Amino acid sequence: MSSQIILPRILQVGAGASEELPNVLASLNCSRPLIITDKMMVELGYAESLKACLLQRSISADVFSDTVPEPTVGSIQAGVEQVRNGDYDCIVALGGGSPIDSAKAISILARFGGVMSDYKFPRIVNESGIPVIAVPTTAGTGSEATRFTIITDETSDEKMLCVGIGFMPVAALVDYNLTLTVPARTTADTGIDALTHAMESYVSQKANLYSDSQALAAMRLLGPNLRTSYKDGTNKPAREAMMLGSTLAGIAFSAASVALVHGMSRPIGAAFHVPHGLSNAMLLPTITEFSIPSAPERYADCARAMGVADETDTTDSANQKLLKELYALNEELQVPTPGGFGIDRAKFFELIPTMAQQALASGSPGNNPRVPTAQQIAVLYENLW
């Protein structure tokens, strides 16, 4: 059985990769970019740096900076209108997963019209939107190398998963220098998000030899460097390893899909506005413990790739070390429980049946080694508290 692998046409990796933007645009025959980003990237000067870099080659760019964390249908509409009313031939997505996801959605809606729910899974969007060049500034979502975008419908609090070649950026400029100023909290949340991508793609029922190779490589980079980048954000070797690990994890899950952690994470984020990486982090140890019995050898491979077990460990020993590591990571990186985050207990428990149904409807739990029922998902939500 063969596997279809979709990648950016251009993948520029390493220090200074973002400075290659003018050359990349020229190679794509693009000359009128709109930079889609957020207010923080403007405040930090990253958007202006990209504009200056482009101006050196006589390329002028406008900036749309009204994207929001965990993008919603409403939050992207102004971007859609700006693209429709402009003469842009490409979009440069600058920032973390939220600006990149926003840019992907804007690219499709601006070209083909309709509303975001028209494009949600199970529809597969293979139409080509306006070309997106992704410049990630966090080591986390891997969105620069995936065929997915997630947009929240604020009327129903549903996180809509949108899938297809149409959402794959044509280019990704992966420059770890852009992560050196990322705060510790964001570093932790995005780093565990990347680790979750790598682990879930490796244990996914849709895993294949290609995705396995990327996932294992990602875990070898992420596992030993997550704590270091959290404690010392200026550590360039750790930041470089995390950035490449994040992209490889994105490539892996784009080829193999994510599983139960992500399926359960999206409803928490939509209902309680928990950042995506943080809700993944809340879930990862509990869901791993639930899932190990159905894929013990695969999870043991994860432990070895992360460096917490070695070849002398039995499968059982490696998995015990993996669980110990995941719980320890959450403690050291100060990942809160839902209650610790400030979520109201009564509201959380009231919404558990709805969240369980939304998780199942996303399709991701079906990729898990141990496929849960809605009742089992409800119990897992309860156990988080």
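Because the structure is a prediction, the values reported are computed rather than measured. The basis for the numbers below is simple: all heavy atoms, side chains too, and nothing from hydrogens, waters or symmetry mates.
In this structure Asn225 satisfies the side chain to side chain donor-acceptor pair (under 3.5 Å) test with no other residue, sequence neighbours excluded. Not counting sequence neighbours, Phe290 has no partner by the ring pair (Phe, Tyr, Trp, His ring centres under 6.0 Å) test. Taking Ser98 as the reference, nothing meets the side chain to side chain donor-acceptor pair (under 3.5 Å) condition, with sequence neighbours excluded. For Asn319, the side chain to side chain donor-acceptor pair (under 3.5 Å) test picks out no residue, with sequence neighbours left out. Residues passing the side chain to side chain donor-acceptor pair (under 3.5 Å) test with Thr312, sequence neighbours excluded: Asp310. Scanning for ring pair (Phe, Tyr, Trp, His ring centres under 6.0 Å) contacts around Tyr46 gives an empty result, with sequence neighbours left out.
Asp89 contributes a side-chain N or O that, together with a main-chain N or O of Ser31, makes up a donor-acceptor pair within less than 3.5 Å. Checking side-chain atoms of Thr149 against main-chain N and O of Asp101 turns up a donor-acceptor pair under 3.5 Å. A side-chain donor-acceptor contact under 3.5 Å links Glu200 to the backbone of Ala259. At distances below 3.5 Å, at least one donor-acceptor pair connects side-chain atoms of Asn330 with backbone N or O atoms of Ala281. Listed for the Gln376 side chain is a donor-acceptor partner under 3.5 Å among the backbone atoms of Thr373. Formation of a donor-acceptor pair under 3.5 Å by the Ser246 side chain with backbone atoms of Gly140 is found in this model. Between the Gln214 side chain and the Ala249 main chain, no donor and acceptor come within less than 3.5 Å of each other.
The aromatic rings of His276 and His262 sit tilted relative to each other, their planes meeting at an angle between 30° and 60°.
Here Val115 sits alone; no ILVMFWY side chain lies under 4.5 Å from its own, so it joins no hydrophobic cluster. Val132 belongs to a hydrophobic cluster whose other members, connected by ILVMFWY side-chain contacts under 4.5 Å either directly or through intermediates, are Leu34, Ile36, Phe64, Val73, Ile76, Val80, Val83, Tyr88, Ile91, Ile106, Ile108, Leu109, Phe112, Met116, Tyr119, Val125, Ile130, Ile151, Met160, Phe167. Hydrophobic cluster membership of Leu209, counting Ile, Leu, Val, Met, Phe, Trp and Tyr whose side-chain heavy atoms lie under 4.5 Å apart directly or via other members: none, as it forms a cluster of its own. By the 4.5 Å side-chain criterion applied to Ile, Leu, Val, Met, Phe, Trp and Tyr, Val308 is assigned to no cluster and stands alone.
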Worked verdict on Glu127 versus Arg111 for salt bridge (charged side-chain N to carboxylate O under 4.0 Å, His left out): CA-CA 10 Å; Glu127 302 93 327; Arg111 174 157 288 180; over 6 Å; no

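Trp385 and Ile377 fall within the same hydrophobic cluster, defined by Ile, Leu, Val, Met, Phe, Trp and Tyr side-chain heavy atoms under 4.5 Å apart, directly or through other members. Residues Leu329 and Tyr299 are members of one and the same hydrophobic cluster, defined by side-chain heavy-atom contacts under 4.5 angstrom among Ile, Leu, Val, Met, Phe, Trp and Tyr.
The number of heavy-atom neighbours closer than 6.0 Å to CG of Asn29, taken from other residues, nucleotides and ligands shown, is 12 or below.
For residues 20-47, every residue pair satisfying the salt bridge (charged side-chain N to carboxylate O under 4.0 Å, His left out) rule, not counting sequence neighbours, is listed here: Arg32-Asp62, Arg32-Asp87, Lys39-Asp66. Note on residues 169-189: pairs passing salt bridge (charged side-chain N to carboxylate O under 4.0 Å, His left out), not counting sequence neighbours, are Arg185-Asp189.
Between the side chains of Ser254 and Thr146, no donor-acceptor pair of N or O atoms lies under 3.5 Å.
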